[in-house]
There are 2 protein chains.
Amino acid sequence: MLSHFTVDCVIYTFHEAQLKILLTERNEYPYKGWWALPGFFVEKDEEMEDAVKRISYENTGLKDIYLEQLAAFAGVKRHPEGRILTVAYVALVRYENVKNKVKPVTSYMKQAKWYPINHLPDLAFDHREIIELSVEKLKKRLSYSLAPFELLPEKFTLTQLQQVYEALLGETLDKRNFRKKMNNLGYLKELDEFQTGVSYRAARLYKLDRRKFQKLVD
Amino acid sequence: MLSHFTVDCVIYTFHEAQLKILLTERNEYPYKGWWALPGFFVEKDEEMEDAVKRISYENTGLKDIYLEQLAAFAGVKRHPEGRILTVAYVALVRYENVKNKVKPVTSYMKQAKWYPINHLPDLAFDHREIIELSVEKLKKRLSYSLAPFELLPEKFTLTQLQQVYEALLGETLDKRNFRKKMNNLGYLKELDEFQTGVSYRAARLYKLDRRKFQKLVD
DNA sequence: AATATAGTGTGTATTTTTTACACTATTAAA
DNA sequence: TTTAATAGTGTAAAAAATACACACTATATT
C-alpha cells in the first residue's frame with residue numbers, strides 16, 4: 001500500500017512594495033468556489049519536487065523557480081473527505097516574469113490571483129495555517145536567505161531590497177543603516193546602471209554576487 | 001482514498017559530553033537486521049504527533065517530550081517496496097530520564113541503542129539523510145532554541161551547557177566569553193546548589209527561566 | 001599532612017557591530 | 001523656475017564580540 005498525498009505551494013512574489021501570494025479559486029468539491037493554495041495530488045511515480053514544479057508551471061508559466069519544503073500537514077480533520085496528507089512548499093518568483101502569465105490552465109480552478117499577505121480572503125482547508133507558517137519561516141531565515149533576491153528582479157535598487165526586508169519583518173528600517181550593512185556584507189555588486197522611467201532621481205541598480213553570498217553562508 | 005504514511009523520530013539526548021541519537025535494530029523486512037530510526041505507520045485516525053509520541057514512548061518510556069517536525073521525505077525509491085512517505089520528527093530527551101528505560105517494547109525491533117552522532121552505523125532507508133538534515137537544523141536554530149535545555153537535566157552546570165553548544169556547533173568555545181554571554185542573555189537562574197559526587201571543585205547549578213527566555217525570543 | 005588531579009571561576013582591553021539621527025542631490029513634470 | 005518625489009550620504013555613541021591566563025577548590029592518593 002503506497003502513499004497517496006498532495007502538495008500545496010505558497011508562491012510568493014514582490015510587487016508594489018508588498019509581498020503577495022498566488023491563490024486559486026477552486027472549481028471542484030470540496031470547497032468549490034473558495035480560494036486556496038495551488039496544489040494537487042502527487043502522481044504514483046512522481047517525485048514531490050517535480051509535482052510542485054508542475055503545479056507552479058501551470059499557475060505561473062515559470063520553470064526553474066526557487067523552491068523549499070515547508071512542512072507536512074496531516075491533521076485527521078483537515079480534509080472533509082478523510083485524512084489527506086499534504087506537503088507544503090514555498091516558491092519564490094519574480095513578478096516581472098509572471099505578471100502576464102497567471103491564468104487558470106486547468107479545469108479544477110476558475111482563476112488565479114495575487115493577494116497581499118496582509119489581505120487574504122477566507123481560505124479552504126488549513127491553508128491559512130500553512131501560509132502563516134511560511135511567513136514565520138521566511139522571517140526567521142531572512143538574515144542568511146536568498147529569498148529577497150529571488151523575489152526581486154535580477155537588477156534591483158537598494159530601496160526595493162529594503163522594502164522586501166521591511167515587508168517580511170513587518171517593521172521599517174533606517175535607510176542609512178540598511179545600506180551600510182548591505183554594503184558591508186559584501187555580496188552586492190554595484191552596477192553602472194540606473195533605474196529608467198521614473199519621474200524623480202533614478203536609483204542605482206545592484207546585483208547579487210551569488211558566489212560571495214554562498215561563501216558567507218558557509 | 002486516504003493517506004498512508006509513516007513517521008520517523010530522531011531522538012536526541014546528551015550524555016558523556018556527546019550528542020547521541022536513539023537507533024533501533026529492525027526485526028522485519030525490508031532492512032531486517034539494519035539499524036534505523038524508530039518509526040512506524042500512522043494509524044488511520046491518529047494525529048501525526050500522537051503517533052510520534054507513541055513511538056517515543058515505546059522506545060524511551062517517556063511521555064511529554066519536546067517535539068518538532070523536521071520534514072517530509074517521499075523519494076519514489078526511498079522504500080524498496082514502493083513509495084512510502086515519511087514525516088520525520090526531532091525529539092529531545094534528558095538522558096537521566098531514559099537511561100534505564102530504553103529497551104525494545106515491540107516485536108518489530110530487536111534492540112535500541114544510543115549512538116553518538118559522529119559514529120553512526122549504516123542505516124536503513126534514507127535515514128542517514130534524515131539525521132543529517134536534523135543536525136543542520138538544530139545547529140542553525142541554536143541561538144534562539146530551547147534545544148540545549150531540553151537535552152540537559154533541569155539543573156545543569158555552565159560547563160555542561162557549553163558542551164551542548166560545542167557538540168552542536170562542532171567547535172570549541174572560550175569559557176569566559178561563553179559565560180559572559182549566557183549571563184548577559186539573562187534567562188539563566190543561578191541556584192544556590194552545587195554539583196555533588198565529583199572529586200574536584202563542585203560547579204554551581206543553573207536553571208532556565210522559561211518566562212524570560214520566551215520574552216527574548218519574541 | 002602534603003601533594004597531585006581535575007575542573008571551576010573570574011576581568012580587562014580591543015575590535016566590531018549596531019544604533020540614532022538630518023540634510024543635500026537629482027530628475028521630471030507642472 | 002519651481003515643485004514634488006525619491007536617492008544618497010557620515011559621524012558619534014553604545015553595545016556586543018573577541019582574545020587571552022591564572023588562581024581557586026574539592027577530593028583522592030600517598
Side-chain angles (χ1 to χ4, degrees), chain A residues 14-18 139 142-144 148 152-153 155-207 212-213 215-217, chain B residues 14-18 139 142-144 148 152-153 155-207 212-213 215-217:
Chain A
F14 184 73
H15 179 53
E16 292 169 334
Q18 285 185 308
K139 218 190 250 195
L142 191 51
S143 60
Y144 49 92
L152 288 170
K155 299 172 182 180
F156 51 83
T157 70
L158 291 180
T159 299
Q160 290 175 318
L161 184 59
Q162 184 174 342
Q163 285 168 343
V164 174
Y165 273 78
E166 289 178 339
L168 277 168
L169 295 172
E171 59 183 313
T172 59
L173 303 172
D174 178 88
K175 182 158 63 158
R176 277 168 299 187
N177 292 337
F178 181 79
R179 283 161 185 243
K180 198 192 311 172
K181 183 146 180 209
M182 285 299 145
N183 281 321
N184 286 343
L185 289 173
Y187 52 66
L188 292 189
K189 264 191 288 211
E190 173 180 308
L191 303 178
D192 287 328
E193 295 174 59
F194 293 82
Q195 262 182 322
T196 55
V198 288
S199 71
Y200 43 79
R201 177 173 175 180
R204 182 182 289 277
L205 295 174
Y206 289 77
K207 259 175 98 169
K212 288 190 184 157
F213 182 89
K215 268 191 199 159
L216 273 201
V217 169
Chain B
F14 185 72
H15 179 52
E16 292 168 335
Q18 286 183 308
K139 219 191 249 196
L142 191 51
S143 60
Y144 49 91
L152 289 170
K155 299 174 181 180
F156 51 83
T157 70
L158 291 180
T159 299
Q160 290 174 318
L161 184 59
Q162 185 174 341
Q163 285 169 342
V164 174
Y165 274 78
E166 290 178 339
L168 278 167
L169 295 173
E171 60 182 310
T172 59
L173 302 172
D174 178 87
K175 182 158 61 160
R176 278 167 300 186
N177 292 337
F178 181 79
R179 284 162 185 244
K180 199 192 309 173
K181 184 150 181 205
M182 284 300 144
N183 281 320
N184 285 344
L185 289 173
Y187 53 67
L188 292 189
K189 264 190 287 209
E190 175 181 306
L191 302 179
D192 288 326
E193 296 174 61
F194 294 82
Q195 262 181 322
T196 54
V198 289
S199 71
Y200 44 80
R201 177 173 174 183
R204 182 184 289 276
L205 296 173
Y206 289 77
K207 258 174 99 169
K212 288 191 183 158
F213 182 89
K215 268 192 198 157
L216 273 200
V217 169

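Chain A is the first sequence line, chain B the second, and so forth, proteins listed ahead of strands; every chain is numbered from 1.
- Rounded to whole angstrom, the span from the CG atom of N183(B) across to the P atom of dA16(D) amounts to 14 Å.
- Between K181(B) atom NZ and dA15(D) atom C1' the separation is 13 Å, expressed in whole Å.
- Residues L158(A) and R179(A) share a closest heavy-atom pair of CD1-CG, 3.8 Å.
- Nucleotides of DNA chain C with any atom under 4.0 Å from a heavy atom of chain B span, from 5' to 3', dA6(C) to dT12(C).
- What separates CD of E193(B) from P of dA26(D) is a distance of 16 Å, to the nearest Å.
- When the nearest nucleotides of DNA chain C are assigned to N184(A) and S199(A) by heavy-atom distance, the more 5′-ward of the two goes with N184(A).
- Each of A202(A) and K180(A) was matched to the nucleotide of DNA chain D holding its nearest heavy atom; the match closer to the 5' end belongs to A202(A).
- Within residues 155-177 of chain B, the residues that have a heavy atom under 4.0 Å from DNA chain C are, in order of number, T159(B), K175(B), R176(B).
- When rounded to the nearest whole Å, the span between CD of Q195(A) and C1' of dT6(D) equals 9 Å.
- The two atoms that bring L216(A) and L185(A) nearest to each other are CD1-O, 3.2 Å, heavy atoms only.
- In this structure, NZ on K180(B) lies 8.0 Å from CG on D174(B), to the nearest 0.5 angstrom.
- Between the base of dA7(D) and the side chain of R201(A) there is a donor-acceptor pair shorter than 3.5 Å.
- The CZ atom of F194(A) sits 18 Å away from the P atom of dT6(D) (whole-angstrom rounding).
- In this structure, the CE atom of M182(B) is 10 Å from the P atom of dA17(D), given to the nearest Å.
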Distance-only donor-acceptor hits, side chain of residues 186-195 of chain A, under 3.5 Å, sequence neighbours excluded:
from, atom 1, to, atom 2, distance (Å)
E193(A), OE1, K155(A), NZ, 3.1
E193(A), OE2, K155(A), NZ, 3.0
Q195(A), OE1, A203(A), N, 3.0

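- Comparing V198(A) and Y206(B) by the nucleotide of DNA chain C that holds the closest heavy atom to each, the one mapping nearer the 5' end is Y206(B).
- With rounding to whole Å, R204(B) atom CZ is found 12 Å from dA26(D) atom P.
- Residues L161(B) and Y206(B) have side chains not in contact (no heavy-atom distance under 4.5 Å, counting atoms from C-beta outward).
- Looking at heavy atoms from C-beta onward, E166(A) lies out of side-chain contact with F178(A) at the 4.5 angstrom threshold.
- Of all heavy-atom pairs between F14(B) and Q163(B), the closest is CZ-CB, 3.5 Å.
- How far NZ of K181(A) is from OH of Y165(A): 8.0 Å, rounded to the nearest 0.5 Å.
- Proximity note for R179(A) (side chain, C-beta onward) versus dA19(D), dA5(D), dT9(D): the nearest is dT9(D).
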